[in-house]
Amino acid sequence: MGRYTLRRLLQLIPVFLGTTFIVYALVWGLRDDPFAGKCGQRECSPAFKAAITERYNLDDPLIVQYLKYLGNVLTGDFGQTFSGTEVSTLIADAYPITVKLALIALVIEAVIGIIAGVVSGLRGRGFVDSLVLVSTLFLIALPVFVTGLVLRQVLGVELGIIRTSVSGDPSIGELIVPGFVLASLSMAYVARLTRTSLMENTRADFVRTAVAKGLPRRRVVGVHMLRNSLIPVVTFLGTDIGALMGGAIVTEGVFNIRGIGGLVYRGLQQQDTATVVGIVALLVIVYLIANLVVDLLYAVLDPRIRYD
Amino acid sequence: MAPLLEVDDLRVEFGRGRETASVLNGVSYHVDEGETLAVLGESGSGKSVTAQTVMGILDTPPGRITGGSVRFRGEELLGADPERRRLLRGESMAMIFQDALSALNPVYSVGFQIAEQFRFRRGMSRKDAMVKAAEMLDLVKIPNAKQRVKEYPHQFSGGMRQRAMIAMSLALDPELLIADEPTTALDVTVQAQIMELLDELRRERGMGLILITHDLGVVAEVADRIAVMYAGRIVEHTDAASLYAHPAHPYTRGLMDSVPRVDDVAGAPLRPIPGLPPSLSAIPDGCPFHPRCAHAVDVCTDEVPALRELGSGHQAACHFAERFVAEGPDRPTTHEVVSR
Ligand SMILES: Nc1ncnc2c1ncn2[C@@H]1O[C@H](COP(=O)(O)OP(=O)(O)OP(=O)(O)O)[C@@H](O)[C@H]1O
Ligand SMILES: [Mg+2]
C-alpha cells in the first residue's frame, strides 16, 4: 500500500504540470497581444507595458515563462494581479469559503442521498420509492442555477428566511441553502446509486447466509447489506469533491458568495493570468488528492482490492 | 417421539396468474436425530426451495407457501412468529450453501463472519468471539486457524471456503444441518474430504443431516435414507441399500443408469434420461414423469400416482412400483460392483 501511494503521488506530478501548463498557455500565450483590452479603451502606457513584461517575463518563450512562474508558485509566491494585489492573499480569502461550501454540499448530498436511497431500496416498490425516484428525476432535470435562483427567490426574497447574499465570512448556517443547491444534482445521483446498489445486494447469496445464521434483521441490513452497497457510493462521493469545488462557481454567483468562483470569473474577464492559473492549479491538486484518497479508501472498504 | 424434522405435503409456488410455477407439489420427508437423509433429483426439482422453506429463508415474494407443514421437534414452523424462527436458525437448524464463495461476504474476514453468531446470539465480546471462531476453524481442520481467522474469503481455497462455511453453520451447535450440494463447486478429491468431514461431524454431534446432492456415489456411502425428487414431489423414498437393490421408480432407475461407471467399456455411450423435466407452470396431467417414461401406459397419463408404501419403509409414486421392485435394477450399480 505504501509503495502504491508513493507511485500514485509521483503520478500526480506530470498531471499537475500538464494541466497547469495548458491553462497557463491558454490564458497568456495564445494571444498575439497580451495587452489587448487590458487598459480599457486606451492603449496601455509604455511604462505599464514594460512593468508587466518584466513582472511576467513576457519576453521569454512561453515554456520559460511558465517554468519561471511554476518556480515561484512552488516557493509559495503566486504572483500579483495587474492591479498589484497578491494573488495568494486573494486565494487565502476566497478558498476557505469555497472549501466550506463544497464540504457542506458534500455532507448534505451524502446524508440525504444515502438515507433516501436506503429507505427506497429497502422498502421496494411503493410510495416512498416512487417519491424518491420522481424527486431525484426532478433534481437531475433542473439546471443548478434554476434550482438556485428559485430557492433564493422563494426563501430569500418572498419568505425572508435566508439572506439573498451571504456575508463576506459566511457561517455554516448561511451556507446551508447554497450548499443544498450545489449538492442537489449529485444528491439525486447518490440516492439512485444507493438504491440500485442496495437492491442488487438484497438478493445476494451472502445476505441469505447472514439471514440463515439467525442474525437480527438490523444486523443483516446494517452490516451485510449496507457495507457492500456503499462501496460505489463512496467512490462517487470522493470524486465529487473536485466537481463540487468547480461547480461552486455557479452557486456562488447566485448567492453572491465571495469564493473562488467569483475570483476565477473576474480573473477570466480581466484576463488576469496569475489569478486564474493559481486557482486552477489549486483545484487540480484538490481533485487529484481526492481521487487518490478515494482509491485508497476503496481498498479499505473492499479487501479484495489490493494495491502493491 | 416426534422426529427431529418433519416436512408434510409442502406446497410452494412462484409467480402469479398463468405464469404461476408450482415448484413444490406436496413434498414430505422426515429426518431423525443423528441420521442422514439424502435428497436426490435433477436440477430444478425443488431441492433447494424445500430446504429454504424449512430454514425460513425463502424469498417471499416471489415465492409463496400455499400449503403443508414443517415441524421441528413437533413444533409447527409455517406461520410461526418470525422472531421465533430466527432464533431457531443457527441454533437448532443451520444450512451450508452450494457456492461458498458467493455465500460468504467478501468484505468481512472469515473469522468476523463466524464470530458474529457468538456475538449476537451468545452475547460474547468481540475478542472472545474471535477466539471461538478460530476454534471453529480448527474443528473443521483448517491449518493455522489462529492466523487464517483474520483472512478474507478470497484468500481461501475453494475447499477451505467450504470448510469455513461448515464451521460457520456449526457455530451454535445445531441439531439439524442442511447441506445444499456442499461439494458441487469442488474438485473430486476435495469433495471426498469435505464429505468425510461432514459425516464425521454429524456422528460426533449426533446431528440430523439433510444432504442435497446430484451425486449417487456420495449418497451410497453416507446416506441412511434417500428421497428422490421429481418436479416438486418425492417420487421414491427408502433406505440406501434397498434403493440400489430394488429401485421402484423409473425415474430413479434412469438416474442410476445415467451415471457413467468404472466398469463401462471405454467409449460406451452415456445413457441420459430422455427428454427434459416438465415446465413447472405446465406440469402434465397424470404422472409428471410419464412423458419421459419408457414404460408409460394409459393409466400414467390419467392418474397421479400417490407415494405409497411398498413394505419395510420403501415408498414410491409409480403405478407399477411393485413390478420394478421385483425386477431389480436394469444393471448393477457401481455401488454394488464395488461392494461385491
Ligand atoms: N427466487 C425464485 N424465483 C423464481 N423461481 C424460483 C426461485 N427460486 C427457485 N425458483 C424455481 O424453483 C424451481 C426449483 O428450484 P430449486 O432451486 O429448488 O431447484 P434444485 O432442485 O435445488 O436445483 P439445483 O440442483 O439446480 O440446485 C426452479 O424451477 C426454479 O426456477
Ligand atoms: Mg439447488
Side-chain angles (χ1 to χ4, degrees), chain A residues 1 114 118 120-126 129 193-194 197-238 294-308, chain B residues 48 51-52 54-59 61-62 82-110 112-122 150-155 161 164-165 167-172 174 177-178 180:
Chain A
M1 192 85 123
I114 289 176
V118 167
S120 71
L122 282 185
R123 291 276 180 83
R125 269 174 215 162
D129 193 38
L193 190 59
T194 310
S197 168
L198 197 70
M199 282 181 154
E200 272 169 20
N201 276 316
T202 20
R203 296 246 183 273
D205 284 353
F206 58 80
V207 171
R208 172 169 284 164
T209 310
V211 175
K213 285 197 284 188
L215 296 177
R217 170 93 184 139
R218 245 182 305 131
R219 175 107 191 140
V220 174
V221 173
V223 171
H224 288 276
M225 247 150 78
L226 266 191
R227 164 92 172 257
N228 294 277
S229 309
L230 287 184
I231 292 173
V233 179
V234 169
T235 316
F236 178 82
L237 286 175
V294 167
D295 282 350
L296 295 180
L297 196 61
Y298 202 58
V300 174
L301 285 175
D302 189 341
R304 282 167 299 182
I305 295 178
R306 277 277 150 262
Y307 301 124
D308 37 34
Chain B
S48 300
Q52 287 165 13
V54 168
M55 287 293 293
I57 56 172
L58 184 71
D59 287 329
E83 183 62 10
R84 168 72 189 146
R85 299 217 60 187
R86 172 174 86 77
L87 293 176
L88 284 174
R89 286 196 283 272
E91 185 91 57
S92 300
M93 49 174 80
M95 185 158 168
I96 301 173
F97 298 91
Q98 175 172 343
D99 180 5
L101 182 58
S102 65
L104 291 167
N105 194 329
V107 306
Y108 296 105
S109 73
V110 170
F112 177 95
Q113 296 182 57
I114 300 174
E116 259 185 321
Q117 300 184 82
F118 295 116
R119 289 168 60 199
F120 294 92
R121 295 296 297 277
R122 294 277 188 268
K150 295 186 208 91
E151 291 184 8
Y152 293 90
H154 70 273
Q155 293 169 292
R161 273 197 291 267
M165 195 75 217
M168 199 155 91
S169 67
L170 296 183
L172 302 181
L177 181 63
I178 304 179
D180 190 354

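Below, chains carry the letters A, B, ... as their sequence lines are ordered, and counting in each starts from 1.
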S.K.: Taking all non-hydrogen atoms of both residues, which atom of A/Val294 and which atom of A/Gly238 are closest, and how far apart?
M.R.: CG2-CA, 3.1 Å
S.K.: Quick check for you: among B/Ser102, B/Pro153, B/Gly56, which has the greatest number of heavy-atom pairs under 4.5 Å with chain A?
M.R.: B/Ser102
S.K.: Does any heavy atom of chain B fall under 4.5 Å from the side chain of A/Val223, the backbone, both, or neither of them?
M.R.: both
S.K.: Which atom pair, heavy atoms only, marks the closest approach of B/Ile114 to B/Ala167?
M.R.: CD1-CB, 4.1 Å
S.K.: Regarding A/Arg208 and the six-membered ring of B/Phe97, is the cationic atom NZ or CZ under 6.0 Å from the ring centre and inside 45° of its axis?
M.R.: no
S.K.: What part of B/Ala94 gets closer than 4.5 Å to chain A, counting heavy atoms only: side chain, backbone, both or neither?
M.R.: neither
S.K.: Heavy-atom pairs under 4.5 Å with chain A - which of B/Gln117, B/Gln155, B/Met95 has more of them than the others?
M.R.: B/Gln117
S.K.: Look only at the side chain of A/Lys213 and the backbone of B/Ala171, and say whether a donor-acceptor pair between them is shorter than 3.5 Å.
M.R.: no
S.K.: Return the option, out of B/Leu172, B/Leu87, B/Val107, with the maximum number of heavy-atom pairs under 4.5 Å with chain A.
M.R.: B/Val107
S.K.: Can you tell whether the side chains of B/Glu116 and B/Arg119 come within less than 4.0 Å, N to carboxylate O?
M.R.: no
S.K.: Roughly how far, to the nearest 0.5 Å, is the OH atom of B/Tyr108 from the CG atom of A/Asn228?
M.R.: 6.5 Å
S.K.: Using non-hydrogen atoms only, which part of A/Arg304 is less than 4.5 Å away from chain B: side chain, backbone, both, or neither?
M.R.: both
S.K.: For chain A, find which of B/Glu91, B/Arg85, B/Arg89, B/Met168 contributes the most heavy-atom pairs closer than 4.5 angstrom.
M.R.: B/Arg89
S.K.: For the interface with chain A, which of B/Pro106, B/Pro82, B/Ser169 has the highest count of heavy-atom pairs at distances below 4.5 Å?
M.R.: B/Pro106
S.K.: Using a cut-off of under 4.5 Å on heavy-atom pairs, state which of A/Asp302, A/Leu215, A/Thr202 scores highest against chain B.
M.R.: A/Leu215
S.K.: Quick one: which of A/Ile231, A/Val207, A/Asp205 has the most heavy-atom pairs under 4.5 Å with chain B, could you say?
M.R.: A/Asp205
S.K.: For A/Leu301, is it the side chain, the backbone, both or neither that has a heavy atom under 4.5 Å from a heavy atom of chain B?
M.R.: backbone
S.K.: Measuring from atom CD1 of A/Ile114 to atom CG of A/Leu226, what distance do you get when rounded to the nearest 0.5 angstrom?
M.R.: 8.5 Å
S.K.: With side chains defined as the heavy atoms from C-beta onward, is the minimum distance between A/Met225 and A/Leu122 less than 4.5 Å?
M.R.: yes
S.K.: Tell me, for B/Arg121 versus chain A, whether the close heavy atoms (under 4.5 Å) come from the side chain, the backbone, both or neither.
M.R.: side chain
S.K.: Between B/Ile57 and chain A, with a heavy-atom cut-off of 4.5 Å, which part of the residue counts as in contact: side chain, backbone, both or neither?
M.R.: both
